[in-house]
Novice: 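Take this structure, written in structure tokens, and hold onto it; I'll ask about it next.
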Amino acid sequence: MASVKVAIVTGGNKGIGLAIVRALCKHFMGDVYLTARNTKLGEEAVKALKEKEGLSPLFHQLDINDLQSIRTLGSFLKEKYGGIDVLINNAGIAFKGADPTPFGIQAHVTLKTNFFATRDICNELLPQIKPQGRVVNVSSVLSSSALQGCSPELRKVFRRDNITEEELVTLMEKFVEDAKKGIHQKEGWPNTAYGVSKVGVTVLSRIQARELNEKRKSDGILLNACCPGWVRTDMAGPNAPKSPDEGAETPVYLALLPNNAESPHGEFVIEKKVVPW
């Protein structure tokens, strides 16, 4: 099976993730895995794509908050395919605006999934990305507005070309601690846990791309962060202007960049265009 290409989509059972799986099934020459934390919901989504749309996705359980679950998927892919061709890190959460959960808890829960678990997936699976592989970290335009809401000192650090993963992790941990103490705004943070979590994802993507350049330059791997736009999902609500299929367009575009492409890489991409960070 090592000659068969394989694509993995996290958080694939609904919303943008499901739309990404649908598009990859139509346009990616290889096996497409819809992964989800809940096996029942994941298998139901795969069944619907098969029976109602004539597509052939495969299912594998994946809870990005569970390191063992990530490693189980990694071992399976290594054994069956010899690595990974496309990885789309789409899984994420957001509290609704009116949610009464204390902000400190929202910060802890949101960053645990959106930043720290995404980082775990990357640390475990990036070494398995094959030459000419494509990695897409689904971020948000809210990372840009959250960056603008940071103090000038924090903005400067988040924009530095040589920021390290360790520095970024320390800052994300500090945000959670500051939020729990109720001093995050005083410390220069914006009042959005989701926005800060996506600042983390965008900056992490820039760091990962830089490291790929340093360690695997000749492999032609392209890794980017993107914003799918404001999409009608359970997370964003029914009033958003885009359908999930429209939201999937930029992530899928980045996943299917041709083999000879050299860019974009390490960029933040909205509507298939690189935007300044």
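Just so it is clear, the model here is predicted, and its values are computed rather than measured. Just so you know, residue 1 is the first one in the sequence shown, and it goes up from there.
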Novice: With a 3.5 Å cut-off and no angle check, do the side chains of N224 and S205 form a donor-acceptor pair?
Specialist: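 On atom types as modelled, these side chains do not qualify, holding no pair under 3.5 Å.
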Novice: Checking K198 side chain against V138 main chain: does a donor-acceptor pair fall under 3.5 Å?
Specialist: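 Looks like yes, one N/O pair under 3.5 Å.
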Novice: Give a yes or no on whether a salt bridge exists between E249 and K242, defined as a side-chain N under 4.0 angstrom from a carboxylate O.
Specialist: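 Salt bridge flag = no for K242 with E249.
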Novice: With a 4.5 Å cut-off on side-chain heavy-atom distances among I, L, V, M, F, W and Y, is there a chain of contacts connecting I88 to F59?
Specialist: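 Yes, same cluster.
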Novice: Answer yes if the side chains of E167 and T164 hold a donor-acceptor pair under 3.5 Å, and no otherwise.
Specialist: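 Yes - a donor-acceptor pair under 3.5 Å links their side chains.
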Novice: Could you walk me through whether D85 and R134 pass the salt bridge (charged side-chain N to carboxylate O under 4.0 Å, His left out) check?
Specialist: CA-CA 6 Å; D85 297 283; R134 305 288 180 252; over 6 Å; no
Novice: Start with the C-alpha gap between T250 and E271, add the side-chain angles, then the distance that decides, and say whether side-chain hydrogen bond (donor to acceptor under 3.5 Å, both in side chains) holds.
Specialist: CA-CA 6 Å; T250 293; E271 303 293 353; 4.9 Å; no
Novice: Would the distance check show the side chain of Q106 and the main-chain N or O of T101 forming a donor-acceptor pair, the cut-off being under 3.5 Å?
Specialist: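 Yes, Q106 side chain to T101 backbone: donor-acceptor pair under 3.5 Å.
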Novice: Give a yes or no answer on whether the side chain of S139 reaches the backbone of A225 with a donor-acceptor pair at less than 3.5 Å.
Specialist: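 No: the side chain of S139 does not pair with the backbone of A225.
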Novice: Hey, is the main chain of E214 close enough, under 3.5 Å, to the side chain of R216 for a donor-acceptor pair?
Specialist: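 Flag not set: sc R216 to bb E214 has no pair under 3.5 Å.
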Novice: Does N38 reach the main-chain N or O of K40 with its side chain, forming a donor-acceptor pair under 3.5 Å?
Specialist: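 Indeed, once roles are kept as given, a pair shorter than 3.5 Å links the two residues.
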Novice: What pair of heavy atoms forms the shortest contact from D31 to Y81, and how long is it?
Specialist: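 Shortest heavy-atom separation between D31 and Y81 comes out as OD2-OH, 2.6 Å.
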Novice: Donor-acceptor check, side chain of T113 to backbone of T110, threshold 3.5 angstrom: yes or no?
Specialist: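 It does not hold such a pair.
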Novice: Centroid separation under 6.0 Å, is that true for the rings of F76 and Y33?
Specialist: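 Yes; F76 has its ring centre under 6.0 Å from that of Y33.
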Novice: Can a side-chain donor-acceptor contact be found between D245 and S243 if the only test is distance below 3.5 angstrom?
Specialist: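 No pair is found: no donor N or O on one side chain lies under 3.5 Å from an acceptor on the other.
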Novice: Do N114 and S197 have side-chain N/O donor and acceptor atoms under 3.5 Å apart?
Specialist: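 Per modelled atom types, N114 and S197 side chains form a pair under 3.5 Å.
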Novice: With distance as the sole criterion, is a donor-acceptor pair present between the side chains of T35 and Q61 under 3.5 Å?
Specialist: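 Not at all, the side chains of T35 and Q61 share no donor-acceptor pair under 3.5 Å.
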Novice: Measure from the side-chain N and O atoms of Q185 to the backbone N and O of P190, and report whether any donor-acceptor pair falls under 3.5 Å.
Specialist: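 No.
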Novice: Should E267 and R206 be marked as a salt bridge (charged side-chain N to carboxylate O under 4.0 Å, His left out) after you check the CA-CA gap, both sets of side-chain angles, and the distance that decides it?
Specialist: CA-CA 7 Å; E267 302 287 3; R206 287 159 58 89; 5.6 Å; no
Novice: Which of these, Q208, E124, E165, sits in a side-chain hydrogen bond (donor to acceptor under 3.5 Å, both in side chains) with R119?
Specialist: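 Of the listed residues Q208, E124, E165, the side-chain hydrogen bond (donor to acceptor under 3.5 Å, both in side chains) partner of R119 is E165.
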Novice: Under the side chain to side chain contact (heavy atoms under 4.5 Å, CB included) test against L212, which residue among I221, L222, V135, D219 passes?
Specialist: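 Among I221, L222, V135, D219, the one meeting side chain to side chain contact (heavy atoms under 4.5 Å, CB included) with L212 is I221.
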Novice: Does one side chain, of T202 or S143, offer a donor that lies under 3.5 Å from an acceptor on the other?
Specialist: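 Distance-only check passes for T202 and S143.
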Novice: So, does R22 use its side chain to make a donor-acceptor pair with the main chain of G17 at under 3.5 Å?
Specialist: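 Side chain of R22 to backbone of G17: no pair is present.
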Novice: Rounded at 0.5 Å granularity, tell me how far CG in L125 sits from CZ in R71.
Specialist: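 So the CG of L125 and the CZ of R71 are separated by 10.5 Å.
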